[in-house]
Each structure stands twice: as C-alpha cells, then as structure tokens.
Amino acid sequence: MKLRTLPLTLALMAAFAGTAQAQSLASLYEAAKSHDATFKAARSQYQAAVAKADQTRALLRPTAGLGGNLSESNLDNQSNAMGSGAFGALNLSVSGSQPLYRPANLASFSQGMKQVDLAQAQLKAAEQELMVRTSQAYFDVLTAQESLSFVKAQKTAVSEQLAAAKRNFEVGTATITDTREAQARFDLVTAQEIAADNDLQVKRLALDQTVGTAQVKPLGLQAEADIARLHSGTIDSWVAQSDASNTSLAQARIALEVAQLEIDKAKAALKPTVDLNASYGLTRYRNGALTQPNTNVATIGVAFNMPLYTGQASQNRILETVALQDKARNELDAAQRNVAQATRTAFYGVQSGLSQIKALQAAEASSQSALDANKLGYQVGVRINIDVLNSQSQLFQTKRDLAKARHDVLLGQLRLRQASGTLQDADLQAVSGLLQK
C-alpha cells in the first residue's frame, strides 16, 4: 500500500514545488533588490555619502586636544654656582579651537549636504533601473514562452496537415506536391521549435541571474488583461513631470549647485579667517628642578588671518571654478533636452503599442477566418495544401506578434514612468495585478 502511494506523493510534492516557484513581477523585484550587485553598490555609495557629509559638518564644530610630556634629567654641574642632581618635569596641556568665520568650511559643509542629495538621486535611479531591468527579463521569458507554445501548436497543426496530405495522396485525391510541401513546412517548424526552446532557456537564465533565484517561473499575462488602463495623461503632462522628477535631471541640477559652491570655496581663499582659541597647561617639577617653580597657564584669544598675496593661485582657481560651473550648466541643458526627447519617445511608443495591439487582435480574427476558409476550400478542392499551410503560418505569427506587443506595451509603460522619474513599487504592483493568479 505504501509503495502505491509513494509515486502519488512525489507527484504532489513536485506540483506544489512548481507552484511555489511561480512568482509575480513585484515579488521577483523584491528578490532582485537583495541580490543585484549594481543596486547594492548604489546603496553603499549613498551610505558613504552620508558619512562623508558628517565629515564636512565637523569643519564647523570645535576641536580639542590633550598633550603631555614627561622628562627626566641628570645635571652634573662643574661649578659651585648651581647644584647638581637628578630631577624630572611633567607638562600637561589641553587646548581647543572654535571656527568663528571660515567661509570655505561653510561652503564645504553645504557641498557635503548636496553630495547626500546626489547619492540619494543616484540610488533612486539605480532602483528604477533595476525595476525596468527585472521587468525586461520577466517579459522576455513570457514572450519566449508564448513563442514556444505557438510554435508547438503550429507544429501540431502542420503535422495534421502532413498526415492529411499523405492520406489524400494514397487514395489518389492529391498529388505528391502537397505531401512534400507539408513535409517541408513541418521540417521548418521543427527547426523553429528548437530555436524557440533555446531562446527560452537563455531568457530564463537571464531572469534567474537578475533575481538571484534558480528556475523561476513567472506568472503569465491574463488573456483579458486591460493593458490600456495603466496608460493615462498627455505628452505635455509627461514631459512636465519628467522635468520635475527625472533622476538624471536631479543629478545634473545638484551638480550645478555643487559647482556654484565650489566658486564660493575658491573666493573664500581671499577672505580672512577668525578662530577662537583656548588652552590650559601645567608644569610640575620633581626635586625642585633647581628651584624652578611649578606653573599653571590659562590662555584664551582670537586668531585672525588675512591672506595678502597667494601668487595668483586663488584668482586662477576662481576662473577654473567659474568655467566648471558653465560646464555643469551646459550639461544640465543637454540633460533636459535628452530627457524630454526620451519621454516623448516612450510616450509615443506606448501609444503605438496600444494601437498595434488592436490591429493585431483584428488581424488574429481575420487570420483565423482565412484559415477556416482555406481548410474548407482544401476539403472541397478549390484550395491547395500550400494555401492552408500559409494560413496556419500567418495565424500563429500573428498570435506571437500579439503576445509580444502586449508585453512590450507593459514594459513601455514602465519605461515611460522611469523617464518621468515617477516609477515606484506601486507601478510594479499594478502590472502584477494583470498577471494570472
């Protein structure tokens, strides 16, 4: 009895394991976040920028130090004026300084804060890029699966047509040409099946590598999924959104602000500095140290420093930073144009894809009608075998194109949101809502 139930148990375990591996796009993205090296590097870069910013904050804070010196002396005096003997000395001092006016330090601190903003923008860009990269790998697998399924279905249809041609030839109602045409088409579809299966394996490996999980089985797209509902807004609204939120533009704007602060730092080299300094020291002698008294000294004061001539180094540094500011401003202008163009391209791509889906749906229905008509015509003798084979090929090609277009539109919508700088986890959740349960 146990031997009979063991195969069933193993089959159920395998079925449950396969089901557990099937994952949505949103869940696979969460797995990719903890695996992808590029994203983790951006996160580490952000943490380093925060620590570096705290270093610049220290430039505005006071500093303090403790120093000491212990010495031992042995005096052998050859005259009678002073005595001889061994003695020691202990010196201890504590000092502190507080910057009162250091414009260069203030500019460096402001730059440190901007570097945190820059690293945060870079982290957001890496996060959005990982979303798109994971989605690309996800839909590549789905497209490859659909292609393989359609090729197998076409192979089955061609095989049936080949068998029918052979039967008709045997009974004398068809020529050997029909058989050879069907055999040639069958061999071609077999080659296409091999290529489609290999492509699927490659796409699965790419997805596994992206998310860090082996043998991932993505959930397919629902047959009646309303893809168009995820797309809204006008091209002008998307371009305006990209100008306000795009991560590349945010980085370019921060770079310009950092360049402006660098000019302030260069100009600060010509300005005075003022510091508040304080110290307290004591000296203690052992054995009287030849009658030298112990001392305690406390000092407080303000240090002022004014550069008078730096050999034109500061002036040339200012010219350099002004030129770098112009460079950053021009790079920002170029980034604005590129982002606007990319946003328009992504918007038109989504619109074109939605129109293509409608056209392919109509073409699918027409191709099915054409195939049915050619099959009927072949049966009554008004159509030849090649007509049926061509109709079959056209139908399955249309089905493959339609499946790919649906996936491309979903990916295009994510790319549009990436270009606008608004891509976030909720968008992947919305796409996951269109997948099979």
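As a basis for the values below, the full set of heavy atoms in this structure was taken, side chains included, without hydrogen atoms, waters or symmetry mates.
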Before accepting this row, confirm whether a basic side-chain N of the pair [X]/[Y] lies closer than 4.0 Å to the acidic partner's carboxylate O.
X      : Y      : answer
Lys267 : Asp264 : no
Lys399 : Glu364 : yes
Lys124 : Glu127 : no
Lys40  : Asp36  : no
Glu181 : Arg185 : no
Asp333 : Arg337 : no
Glu257 : Arg253 : no

Just by modelled atom types, is the [Y] backbone N or O under 3.5 Å from a matching donor or acceptor in the [X] side chain?
X      : Y      : answer
Ser393 : Leu389 : no
Thr422 : Gln418 : no
Ser432 : Ala26  : yes
Arg417 : Gly412 : no
Asn69  : Asn91  : no

Test item: Phe39 and Leu123 side chains (from C-beta on) under 4.5 Å apart, heavy atoms = yes

Min side-chain heavy-atom separation Tyr101-Asp275 under 4.5 Å | no

Show your working on side-chain hydrogen bond (donor to acceptor under 3.5 Å, both in side chains) between Gln397 and Arg400 and close with a plain yes or no.
-> CA-CA 5 Å; Gln397 180 63 45; Arg400 286 198 300 268; 2.5 Å; yes

Given salt bridge (charged side-chain N to carboxylate O under 4.0 Å, His left out), test Asp54 with Arg57 step by step and report yes or no.
-> CA-CA 5 Å; Asp54 288 337; Arg57 192 188 303 273; 3.8 Å; yes

Can the ring centroids of His231 and Phe347 be said to lie less than 6.0 angstrom from one another?
-> yes

Evaluate whether atom NZ of Lys203 has more than 12 neighbouring non-hydrogen atoms of other residues, nucleotides or ligands under 6.0 angstrom away.
-> yes

